[in-house]
Amino acid sequence: KNVEKKIKNIMRVIIAIIGSVMLLAVAVFCLYGFAATFEPTDRRVLFWTFRIGYAVVGLGCFAGIIALLAECTRSQRQ
C-alpha cells in the first residue's frame, strides 16, 4: 500500500507539471495577444473586446496553475 501511495503522489506531480506547462503556454499567448491590442487602430471597441478576453483567459490560466500547484503540494504533505 505504501508503494501504491508513492506512485499515486508521483503521478499527481507529473500531471500537475504537464498541466501547468500547458496552461503557461496559453497564458503566454494571451499575454502576447493582450500586448498586441495596444496597437493604434480605428476599431477601438473590437480591440477592447479582445483585450478583455485575453486578460480573462490569461488570468484564468494563472489561477489554474496556482490551483494545480496547490493541490500538488497539499497531496505531498499527506
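Position 1 is the first residue of the sequence; numbering continues from there. Quick note: numbers below take in every heavy atom, side chains included, and nothing from hydrogens, waters or symmetry partners.
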Measuring from atom [atom1] of [X] to atom [atom2] of [Y], what distance do you get when rounded to the nearest 0.5 angstrom?
X	Y	atom1	atom2	result
Cys72	Ile15	SG	CD1	10.0 Å
Ile18	Leu23	CD1	CG	12.0 Å
Thr41	Leu46	OG1	CG	7.5 Å

Evaluate Leu24 against Cys61 for side chain to side chain contact (heavy atoms under 4.5 Å, CB included), listing each step before the verdict. CA-CA 7 Å; Leu24 186 62; Cys61 287; over 6 Å; no
In this structure, are over 12 heavy atoms from other groups packed under 6.0 Å from Phe50 atom CZ?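 Not more than 12 within 6.0 Å, no.
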Derivation of the side chain to side chain contact (heavy atoms under 4.5 Å, CB included) call for Glu4 and Lys8: CA-CA 6 Å; Glu4 290 177 8; Lys8 191 180 257 190; over 6 Å; no
Over all atoms of both residues, closest heavy-atom pair of Leu69 and Ser20: CD2-OG, 3.9 Å
Please report the closest heavy-atom contact between Phe47 and Thr37, naming both atoms and the distance. CD2-O, 3.1 Å
Do the non-hydrogen side-chain atoms of Ile65 and Phe62 ever get within less than 4.5 Å of each other?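 Answer yes - side chains close enough.
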Please tell me whether Leu31 and Phe38 are part of a single hydrophobic cluster in this structure, the criterion being side-chain heavy atoms less than 4.5 Å apart. no
Do you reckon Val21 sits in the same ILVMFWY cluster as Ile66, going by side-chain contacts under 4.5 Å, direct or chained? no
For Arg51 and Phe34, indicate whether the former's side chain and the latter's backbone hold a donor-acceptor pair under 3.5 Å.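 Pair absent, no side-chain N/O of Arg51 close to backbone of Phe34.
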Can you check side chain to side chain contact (heavy atoms under 4.5 Å, CB included) on Asn9 and Arg12, steps first, answer last? CA-CA 5 Å; Asn9 284 338; Arg12 283 184 183 165; 4.1 Å; yes
Can you list, by chain and residue number, the hydrophobic cluster partners of Val57 when the side-chain cut-off is 4.5 Å?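 Cluster partners of Val57: Val26.
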